[in-house]
Engineer: 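One structure, pasted below without further comment.
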Amino acid sequence: MSSPAPGLPGPSLPGSSLNAARRARELAETRGLVVDVLVVGLGATGAGAALDAASRGLSVAAIDACDLAFGTSRWSSKMIHGGLRYLARGQVGVARESAVERGVLLARTAPHLVRAAPYLLPLTPRVSRSRAATVMAGYRLGDGLRAAAGTPRALLPGPARIPARRALELAPPLAPDGLRGALLSWDGRLNDDARLVVALARTAAAHGARILTRCRALALAGDGAEVRDELTGDVFTIRARATVNATGVWAAGLDPGIPLRPSRGTHLVLRPETLPGLRAGLHVPIPGESNRFALVLPQDDGRVYVGLTDEPVDGPVPDVPEAPEEDVAFLLGVLNSVLAAEIRREDVAGAFAGLRPLLGGGGRDGIGGRDGDGGRTADLSRRHALLASPGGAVTVVGGKLTTYRRMAEDAVDLAVRLRGLPAGASRTARLPLVGYLPPGVAARGRLVARYGAEAAAVRSLAAGDPALAEPLPTGVTGAELVWAVRHEGALDAGDLLDRRTRIGLVPEDRAAAMPAALAALERGTG
């Protein structure tokens, strides 16, 4: 792997650098090996499985047809939540699992990437007093889950009712007329879901995993996969003692027996000036729904995301889903129900959509959703499930971002058991990710929130070259782009603008930053 230039600090975890040179070398090595575990898919679950297996001392190759976090794992609401919605539906086990995994991220593995964030449910005339009481009771039950999971109150404050004056201080765009106050709750939030995946992959690499992007699995069996290098077109075989299919919503492409019912979640992207002064997220009740809310999510870069739809998707699964206009209109309608000034379609700077890999009914070995194939995707369980194919491959499907670690652990446990691999128990519940900083060690800043302990190394790149310190849209600098090429496995401009940073969510910003991305690719590989 490449080393940092003389005089410049490098990664916080030795051996964690991912780059084009390392990919080429390890891809060549992998062709002559039989690895213990082959993981297909490098979203959160796949990267988590690679880390889980490698940290147990197993040899690992992990491949993805595109890039780290190319699929569903970059399209979430960035929430690391305690499962309150599942608790309301009686899915106590799912809710408790979510609360436990949220605590793991907040306290032990990624406090530099995950932190508590406040949310308001505005008490408008549309929210009756009885409904407000019911929601607050739910928040208190959720706080009980926090306590049961062992997450300290200092990391995740409890709920409260606040007066209208305080609500308007936290969320000035709210309509003041008829506002009785708000219910304040707290939950975990990622600065960037794709950056969590990058941290997982790099930590796995530090434990010896071979992280190979642009390698598409054409066929998968229990003893390996036929793979195509998407950069060269070369087709070859990776041999393995165990395989894990962690391709999420695309899992049925490698195992047609998996009964998936994809669900589309759409978000709008608003520029900072569209909802000025917003300091807390919002839970906005969806008309006609008792337990569903739209989310208004202010981001550290000043943008605001508005989501989230839950619509079934039929037909072929696209690599990059599109946000349809009916979703945009729906979300604007819900958002405007609580605002003083209407947000119009022309105020929407961008939009993105992700597909959830939910389980339908009728699957083999009992895999299926709670309501079979006929119900709404909004009603399907978010519990994950494991399936061993007749050929011996283990597939993990369902679940959600918050519980990626447990999903990965369960998948590796099953693969180890089925294939008789010599491995101990999972270590990932207490294994810090690259960039780890203990909770509360340093004041939050933009670079610290994105890079943790590596913020100083990124900053030093800019200090050595003033051109790399010039801000791009969202405040990202050229130094961050160069860092991504040298240490985070970015191979092209799309990797840089759409996943290592989120500049690309707004088309105009993407075009403005493209020259800097191309320059970073040249400089980072030079």
Side-chain angles (χ1 to χ4, degrees), residues 1-23 26 42 44 47-48 50-52 54-55 60 62 68-69 80 104-115 155 190-211 213 300 404-405 427-465 468-469 476-490 495-496 499-501 520 524:
M1 70 199 71
S2 66
S3 301
L8 292 180
S12 61
L13 189 61
S16 66
S17 288
L18 297 175
N19 49 51
R22 179 171 181 172
R23 175 194 178 276
E26 293 189 339
L42 281 167
L51 173 57
D52 189 283
S55 64
V60 176
L68 304 174
I80 300 296
V104 168
L105 284 160
L106 279 167
R108 298 201 291 271
T109 64
H112 58 305
L113 300 175
V114 182
R115 66 180 185 274
L155 293 181
L190 276 163
N191 178 280
D192 188 328
D193 46 3
R195 295 208 61 77
L196 172 66
V197 178
V198 171
L200 287 166
R202 291 183 57 205
T203 308
H207 283 83
R210 294 170 172 85
I211 305 298
T213 59
D300 285 356
Y404 82 87
R405 192 207 63 81
R427 300 173 51 208
T428 54
R430 295 187 176 275
L431 191 64
L433 301 185
V434 63
Y436 171 85
L437 284 174
V441 163
R444 284 280 178 180
R446 195 187 69 81
L447 285 181
V448 172
R450 295 181 63 79
Y451 299 94
E454 295 183 332
V458 176
R459 197 177 293 116
S460 71
L461 282 176
D465 184 345
L468 294 181
V476 169
T477 65
E480 294 172 70
L481 301 182
V482 171
W483 179 268
V485 175
R486 291 178 178 173
H487 302 293
E488 295 181 344
D495 293 356
L496 291 172
R499 289 168 291 280
R500 303 307 179 275
T501 70

Engineer: With sequence neighbours left out, write down each residue that passes side chain to side chain contact (heavy atoms under 4.5 Å, CB included) with A20, or none if nothing qualifies.
Structural biologist: L491

Engineer: Calculate, to the nearest 0.5 Å, the distance between atoms NE2 and CG belonging to H487 and L13 respectively.
Structural biologist: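 Result: 13.0 Å between the selected atoms.
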
Engineer: Tell me every residue that passes side chain to side chain donor-acceptor pair (under 3.5 Å) with R450, counting only those two or more places apart in sequence or in another chain.
Structural biologist: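 R450: side chain to side chain donor-acceptor pair (under 3.5 Å) contacts with N191.
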
Engineer: Is the backbone N or O of A484 less than 3.5 Å from a side-chain atom of R500, with the two atoms forming a donor-acceptor pair by type?
Structural biologist: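 No.
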
Engineer: Can you name the closest pair of heavy atoms from Y436 and P438 and give their distance?
Structural biologist: OH-CA, 3.5 Å

Engineer: List in chain and number order the residues that pass salt bridge (Lys or Arg N to Asp or Glu O under 4.0 Å) with R23, two or more places apart in sequence or in another chain; answer none if no residue qualifies.
Structural biologist: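 For R23 the salt bridge (Lys or Arg N to Asp or Glu O under 4.0 Å) partners, ignoring immediate neighbours, are D229.
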
Engineer: Partners of D465 by side chain to side chain donor-acceptor pair (under 3.5 Å), sequence neighbours excluded?
Structural biologist: R523

Engineer: Report the residues that fulfil salt bridge (Lys or Arg N to Asp or Glu O under 4.0 Å) with E488, sequence neighbours left out, ordered by chain and then residue number.
Structural biologist: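 R195.
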
Engineer: Kindly give the heavy-atom pair with the smallest separation between R22 and N19, and that separation in Å.
Structural biologist: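 Heavy-atom minimum between the residues: N-OD1, 2.9 Å.
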
Engineer: Side chains of residues 104-113: which donor-acceptor pairs under 3.5 Å do they make with residues two or more places apart or in other chains?
Structural biologist:
| from | atom 1 | to | atom 2 | distance (Å) |
| --- | --- | --- | --- | --- |
| R108 | NE | A429 | O | 3.0 |
| T109 | OG1 | V104 | O | 3.4 |
| H112 | NE2 | V434 | O | 2.9 |

Engineer: Do V197 and L42 have side chains that get closer than 4.5 Å, going by heavy atoms?
Structural biologist: no

Engineer: Go through R486 and L461 one step at a time and tell me if the side chain to side chain contact (heavy atoms under 4.5 Å, CB included) criterion holds.
Structural biologist: CA-CA 11 Å; R486 291 178 178 173; L461 282 176; 3.5 Å; yes

Engineer: Between the main-chain N or O of A469 and the side-chain N or O of T477, is there a donor-acceptor pair closer than 3.5 Å?
Structural biologist: no

Engineer: Applying salt bridge (Lys or Arg N to Asp or Glu O under 4.0 Å), can you list everything that pairs with R405, at least two apart in sequence or on another chain?
Structural biologist: E101, E409

Engineer: Where do L433 and L51 land on the side chain to side chain contact (heavy atoms under 4.5 Å, CB included) test, with the steps shown first?
Structural biologist: CA-CA 10 Å; L433 301 185; L51 173 57; 3.8 Å; yes

Engineer: Within this structure, what is the OH-CG distance for the pair Y404 and L200, rounded to the nearest 0.5 Å?
Structural biologist: 4.5 Å

Engineer: Over all heavy atoms of both residues, which pair between S12 and G435 is shortest? Give the atoms and the distance, please.
Structural biologist: OG-N, 3.0 Å

Engineer: Any chance you could lay out the side chain to side chain contact (heavy atoms under 4.5 Å, CB included) test for L68 and T213, step after step, and finish with the verdict?
Structural biologist: CA-CA 7 Å; L68 304 174; T213 59; 4.0 Å; yes

Engineer: Indicate the atoms forming the closest heavy-atom contact of P14 with A206, along with that distance.
Structural biologist: O-CB, 3.5 Å

Engineer: To the nearest 0.5 Å, what is the distance between OG1 (T428) and CG (D52)?
Structural biologist: 4.5 Å

Engineer: When rounded to the nearest 0.5 angstrom, what is the spacing between CG in L190 and CZ in R115?
Structural biologist: 9.5 Å

Engineer: Can you name the nearest heavy-atom pair linking A205 to I211, along with the distance?
Structural biologist: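 Result for this residue pair: CB-CG1, 4.2 Å.
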
Engineer: For residues L496 and A490, report the shortest heavy-atom separation together with the two atoms involved.
Structural biologist: CD2-CB, 3.6 Å

Engineer: Salt bridge (Lys or Arg N to Asp or Glu O under 4.0 Å) with R446: which residues, sequence neighbours excluded?
Structural biologist: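 Here the qualifying residues are E480.
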
Engineer: Kindly compute the distance separating CD1 (I80) from CG (D193), expressed to the nearest 0.5 Å.
Structural biologist: 8.5 Å

Engineer: Applying side chain to side chain donor-acceptor pair (under 3.5 Å), name anything that partners R202, two or more places apart in sequence or on another chain.
Structural biologist: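 R202 satisfies side chain to side chain donor-acceptor pair (under 3.5 Å) with S16, E454 once adjacent residues are dropped.
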
